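The structure under discussion appears below in the form of structure tokens.
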Amino acid sequence: MDNLRNVDGTLPESSAAMPLPPVADPDTAIDSTPPGTGAGLAPVNSRYIWLMVFAQFGVFMAFITPLAISLTIRVNGLAPGHPEYLGYITGAGALFVMLTGPFMGIWSDRTRSRYGRRRPFMVGGVVVGVVSLVVMALAPSVVLLGLGWILAQWGWGTALGNLQNSTADRLPENQRGKVAGLTSFATQVAPVFGVIIAQFFTADPLLLFLVPGAVGVVAVLSFVFFVHEDDSRGLPRESLTAAHLLGKYVYNPLKYKDFSWNWLARFLFYFGITLNTTYTAYFFADRLGITVEEVAGVIAMLGLGGVLAVTAGAIGGGFMSDRFKRRRLFVMLGGIIMAVGMVTQAFAGDLTLLIVGSLTASMGLGLFAAVDQALLLDVLPERETDAGRFMAITGFATSIPQSIAPLVASAILLVGVTGDDRNYQLLFVIAGVLVVLAGLAILRIRSVR
């Protein structure tokens with residue numbers, strides 16, 4: 001990342017048939033909006049939208065596939081009989097990002113380079129991300145596997161964060177729901193395709209991690225090379241003391257109440273999601289009476305149906321929220337639908353109910369995540385100067401649950417059971433309650449309908 005200055009001072013079908021969101025005339029639509037313009041942003045064109053969708057798809061293919069199945073396989077191989085180690089690893093990675101995320105966002109906001117503020121961090125994130133995949137693939141111990149996951153959180157998280165910062169910089173209000181719907185769809189289905197690919201490489205750790213990672217590299221670099229970002233060297237500079245830098249890790253929640261309610265809703269939502277997804281492979285293996293290695297094919301099969309469900313939730317919700325100019329209702333509905341799916345899975349005794357629960361949860365997940373992302377852009381404070389900072393602070397709402405929830409999940413699994421049994425039912429019910437509470441928190445927002 002060259003020319004960066006003032007350093008002292010921010011995680012489970014083709015869309016080709018989907019219609020493009022309405023954009024300005026191709027001859028007048030632009031790829032870039034000068035950083036710092038909050039109101040009156042010009043519509044971005046279809047190239048920006050689809051390369052953004054592809055880039056976020058790629059990041060999640062590279063980054064979430066390990067969480068969905070690859071890490072489970074490696075933990076099971078390095079420490080058989082200790083599924084709790086998976087929770088420790090994912091928790092440590094989330095804790096690291098929680099501590100470094102705002103710094104990366106502040107650094108990005110203040111980067112002055114001929115390539116803009118966001119693109120240098122996308123490239124740097126991809127480099128670190130690829131290194132992380134190699135470390136995880138070749139790790140001879142659980143400790144080194146955990147180190148690789150920390151690097152993955154940092155590298156791929158930085159690339160993703162700056163893609164999202166770009167949407168905060170450049171999307172006008174009337175395109176936020178559509179783009180959020182498309183990118184949410186992409187990020188939800190990417191792990192499904194990752195799991196489908198991973199099942200062919202379970203015997204080769206290196207390919208297990210690097211094949212999905214290659215998709216991430218191509219996708220992010222396509223955005224970097226083909227979407228222009230203005231030279232940021234002429235933007236105002238701000239010197240930051242260490243005390244000022246640390247102060248930017250927090251903000252006054254009373255000053256930005258709607259942003260705070262959105263933050264709380266995300267916290268509850270991702271706490272529930274993390275409880276639900278951390279032990280998914282073990283849960284399915286337990287319910288279906290098969291091994292963890294064999295469950296990859298089952299999860300992939302269920303995931304194919306989930307593609308349709310996520311599509312309906314994410315794209316349908318995103319487009320309708322723009323059309324009807326309503327966000328809160330759709331987010332609340334998404335939380336309720338997802339909770340129904342989680343509880344259905346919790347009490348499922350056969351594959352049929354597991355499928356019904358999985359599809360229902362996928363629809364709710366797509367709806368909630370897509371519309372809430374658009375809502376976040378609507379209530380984001382200080383967009384012109386500190387978009388990266390507040391997007392990273394929003395990242396706390398993801399990283400804190402990812403850090404704490406796996407440890408909580410490990411404890412919940414032991415409630416009321418003995419021996420080798422695990423209480424997956426209780427875990428999924430609690431997860432459902434949390435996503436409903438997230439929807440209720442969204443209703444407290446007042447500046448957005």
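In this chain, residues are counted from 1 in sequence order. From a predicted model like this one, the values you see are computed outputs, not experimental measurements.
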With a 4.5 Å heavy-atom cut-off, do [X] and [Y] have their side chains touching?
X: Ser447; Y: Val379; result: yes
X: Thr183; Y: Lys178; result: no
X: Thr158; Y: Val128; result: no
X: Pro406; Y: Leu86; result: no
X: Leu376; Y: Phe259; result: yes

Report yes if the distance between the aromatic ring centroids of [X] and [Y] is under 6.0 Å, otherwise no.
X: Phe121; Y: Trp107; value: yes
X: Phe223; Y: Tyr48; value: yes
X: Tyr249; Y: Phe103; value: no
X: Phe63; Y: Trp149; value: yes
X: Phe57; Y: Phe185; value: no

*Answer yes when Asp109 and Arg118 have at least one side-chain N-carboxylate O distance shorter than 4.0 Å, and no when they do not.*
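A salt bridge is present here (some side-chain N lies under 4.0 Å from a carboxylate O).
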
*In plain terms, say whether Arg444 and Asp258 are close enough for a salt bridge, that is, a side-chain N and a carboxylate O under 4.0 Å apart.*
no

*Aromatic rings Tyr282 and Tyr279: how do their planes relate, parallel, tilted or perpendicular, breaks at 30° and 60°?*
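The arrangement is tilted - the two ring planes meet at 30° to 60°.
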
*On the 0 to 90° scale, with breaks at 30° and 60°, tag the Tyr256-Tyr251 ring pair as parallel, tilted or perpendicular.*
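Correct class here is tilted.
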
*So which heavy atom on Gly272 is nearest to which on Val435, and how close?*
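Closest approach of Gly272 to Val435, heavy atoms only: CA-CG1, 4.4 Å.
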
*Please report the closest heavy-atom contact between Thr274 and Pro401, naming both atoms and the distance.*
CG2-O, 4.1 Å

*In terms of side-chain heavy atoms, does Asn174 have a donor or acceptor partner in Asp322 at a distance below 3.5 Å?*
no

*Sequence neighbours left out, what pairs pass salt bridge (Lys or Arg N to Asp or Glu O under 4.0 Å) with at least one residue falling in residues 136-164?*
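Of all non-adjacent pairs touching residues 136-164, none passes salt bridge (Lys or Arg N to Asp or Glu O under 4.0 Å).
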
